Amino acid sequence: MGNWRRTHFSDEIKAEMDGKEIIVTGWVNSIRKLGKLVFVILRDREGMIQIVIPKQKVSEEVFDIGKSLGREDVIGVKGKVVANEKAPAGYEIIPTEIRVLNRAESPLPLDPSEKVPADIDTRLDNRFLDLRRPKIQALFKLRSEMLRSVRNTLYDEGFIEVNTPKLVASATEGGTELFPISYFEREAFLGQSPQLYKQMLMAAGLDRVFEIGPIFRAEEHNTRRHLNEAISIDCEMSFSDDGDAIATLESVVHNTLLHLNEHCKKELDVIGVDLNIQEIPFPRLEYDEVVDIVNSKGVEMEWGEDLSRAAEKALGEYMDGFYFITHWPIEIRPFYTLPNEEDPRLCKAFDLMYNDLEISSGAQRNHIYDLLIEGIKRMGLNPENFGSYLEAFKYGMPPHAGWGLGADRFMMVIGAQENIRECVLFPRDRQRLTP
RNA sequence: GCCCUGGUGGUGUAGCUCGGCCUAUCAUACAGGACUGUCACUCCUGUGACUCGGGUUCAAAUCCCGGCCAGGGCGCCA
């Protein structure tokens, strides 16, 4: 593009700029050739703008280039803004020079202008083209602002952002399947969660930490709400209990809704979402109530069972929006959950749900060494495999609590998407490892 | 991993029940042509496809079996 630099994004040009010379850059969204008149709709990250090329008002060279353009060619256009009622936006650009920066081959693997729909599989195979569609891009602009808002809230509440290892030695934590990898002469695994590390940071005295990073789960699930690589928003806070963790989670979620509603009107409009800013506190259900509700909806559920998919759906019919489930049976929660001192069957764990979807789970953690050993044994795990983790509980571990919020699932809720793959640039599932 | 449904030009589809004038429909895209206000421009001409392997049959896009892949559901997901 030589010495050319973009002077404006398409949405920065206004009818009042009539007569001003500008440079815009982008992709040819569509082109309509009417003999001696050519219309080019140029698309950049922020929107679209019409370039009009009348043979009698431009040089022969500009007209010929204009006529030669194809869909998705990358161009730079230097020209004058012209206010004109006949233009779609009330203004358009008459070029003095068009530079073709790169041609696009044809036919395209899918249609970014959305005239012909494509299956999600085709779209993901050609994700970079799919992402040129304004609706798809809007979702990822929202995701960026969601992450900004989450960080802002947590920084404001005194958390520091940390990074913990994703290459881990142990496959003995129990629970989910891990991805084994080769680590020099040893076997290692991809981390399933930063849980143990963020707890160790409580022992380190960092007091309040959060991490936004990938988690890996080698489960062969095949659903619209599971991925094998996901982004987790994890936080952990010292000298706090489950109620404090719930309050923090609530304000993270609520502030994000407020932030998006205030700063992302355009993107929400593009994807057709009218955000419901649900008031806090969100409703709380105790596990006992959940069992009753689910059974009253005709779905069998025994006390002590985790929620089946049918149970989640029944709950989703009964509840609307965000709500917490608290007072869980200890047997179905992880070993690091603190038992409830008032009722030994229960523990200090909670889940945050949205309709029928679990988007976060957390708990006050077990900070007492002997209890923790009991918990590990109760889950059928071997305390000897938790060496460096357990050490942290011997020399002054403060009481603490925390949670993990699924960033991709949170985006499903925000963007009203039914498939989690829509919310991830390059999703990883049972079948998909590329692109 | 299990169950259900499906796989037709670049993309999205019709046809499959009941095998045969299918030399396979339509839209869009693409190539060429006409057109000075399009905005899903319009009009004319043209190019382009039955997932793979096996089977049944005179004959398979169509029926049967298997593979691969996809969509949906379930399970799994401390």
Side-chain angles (χ1 to χ4, degrees), chain A residues 29-41 48-58 63 66-68 70-72 82 84-90 92 94 104-126 129-130 170-178 192-193 195-196 215-228 230 232 306-313 328 330-337 347 349 351 358 361-363 365-366 375-376 378-381 385-386 404 406 409 418-421 429-432:
Chain A
N29 185 259
S30 60
I31 178 160
R32 285 183 278 277
K33 300 168 191 175
L34 285 76
K36 299 190 176 71
L37 183 63
V38 177
F39 295 96
V40 175
I41 308 298
M48 313 227 195
I49 187 163
Q50 175 162 287
I51 317 292
V52 60
I53 311 170
K55 186 165 187 174
Q56 291 193 326
K57 292 189 186 170
V58 301
F63 185 75
K67 242 184 15 179
S68 80
R71 295 172 36 156
E72 301 304 322
V82 179
N84 187 337
E85 283 180 8
K86 286 183 282 187
E92 57 196 356
I94 295 185
E105 286 184 27
S106 70
L108 300 160
L110 57 80
D111 174 18
S113 74
E114 300 186 314
K115 274 186 230 168
V116 181
D119 292 339
I120 187 155
D121 192 47
T122 306
R123 291 172 41 214
L124 292 175
D125 280 342
N126 302 279
L129 270 175
D130 187 47
S170 172
T172 56
E173 287 173 29
T176 191
E177 292 294 314
L178 301 189
Q192 62 184 109
S193 150
Q195 181 62 33
L196 305 188
I215 57 173
F216 303 92
R217 310 234 160 140
E219 298 292 341
E220 297 195 349
H221 33 48
N222 205 322
T223 79
R224 293 187 296 181
R225 57 194 187 284
H226 287 93
L227 291 172
N228 295 291
S232 175
D306 209 342
L307 291 174
S308 68
R309 186 63 192 137
E312 286 181 338
K313 285 178 172 169
W328 287 80
I330 186 127
E331 308 97 87
I332 54 172
R333 301 302 290 205
F335 66 82
Y336 46 78
T337 307
C347 67
D351 276 3
E358 176 194 331
S361 65
R365 317 303 190 187
N366 190 341
I376 290 173
R378 188 184 65 239
M379 303 302 283
L381 301 168
N385 293 327
F386 293 86
R409 285 193 173 183
E418 296 196 332
N419 191 329
I420 196 166
R421 281 157 260 247
D429 62 32
R430 178 71 185 86
Q431 303 294 148
R432 182 173 291 282

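Computed from a predicted model, the values in this text were never measured in an experiment. To find a chain, count down the sequence lines: A is the first, B the second, and so on, and within it residues start at 1.
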Inset, instruction - Select one nucleotide: of B/C76, B/A78, B/G12, the one nearest the side-chain heavy atoms of A/His226. - result: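 In terms of side-chain proximity for A/His226, the closest of B/C76, B/A78, B/G12 is B/C76.
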
Determine the contact category for [X]: base if any of its heavy atoms lies under 4.0 Å from a base atom, sugar-phosphate if only primed atoms, P, OP1 or OP2 are that close, otherwise nothing.
X: A/Asp119; result: sugar-phosphate
X: A/Lys55; result: nothing
X: A/Arg432; result: nothing
X: A/Ala87; result: base
X: A/Asn228; result: nothing
X: A/Ser308; result: sugar-phosphate
X: A/Ile41; result: nothing
X: A/Gln431; result: sugar-phosphate
X: A/Glu92; result: base
X: A/Pro88; result: base

Legend entry - Side-chain heavy atoms of A/Glu331 within contact of A/Arg378, under 4.5 Å: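 Not in contact.
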
Inset, instruction - Record whether the side chain of A/Glu219 comes under 3.5 Å of the base of B/G1 through a donor-acceptor pair of N or O atoms. - result: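 When only heavy-atom distances are counted, A/Glu219 does not reach the base of B/G1 through any donor-acceptor pair under 3.5 Å.
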
Legend entry - Nearest-angstrom distance, P atom, B/C3 to B/G66: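 It works out to 11 Å between them.
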
Legend entry - Upstream residue (5' side of RNA chain B) when A/Glu331 and A/Lys115 are each assigned their closest nucleotide: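 Result of the comparison: A/Lys115.
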
Inset, instruction - Please tell me which of A/Asp111 and A/Ala118 maps to the more 5' nucleotide of RNA chain B, matching each residue to the nucleotide holding its nearest heavy atom. - result: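 Mapping each residue to its closest nucleotide by heavy atoms, the 5'-most match is A/Ala118.
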
Would you say [X] reaches [N]'s phosphate, i.e. side-chain N/O to OP1/OP2 under 4.0 Å?
X: A/Thr122; N: B/G12; answer: yes
X: A/Lys313; N: B/C74; answer: yes
X: A/Arg309; N: B/C76; answer: no
X: A/Arg224; N: B/G73; answer: yes

Legend entry - Base partner of B/G1, which must satisfy Watson-Crick or wobble distances under 3.5 Å: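 B/C74 - that is the nucleotide pairing with B/G1, both distances being under 3.5 Å.
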
Legend entry - Pairing nucleotide - B/G7, Watson-Crick or G-U, each distance under 3.5 Å: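 The answer is B/C68, by the H-bond criterion.
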
Inset, instruction - Send over the distance from A/Arg421 CZ to B/A70 C1', rounded to a whole Å. - result: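 Interatomic distance, CZ of A/Arg421 to C1' of B/A70: 11 Å.
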
Legend entry - Rounded distance [0.5 Å steps], CD in A/Gln195 versus OG in A/Ser232: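 One finds 9.5 Å between CD of A/Gln195 and OG of A/Ser232.
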
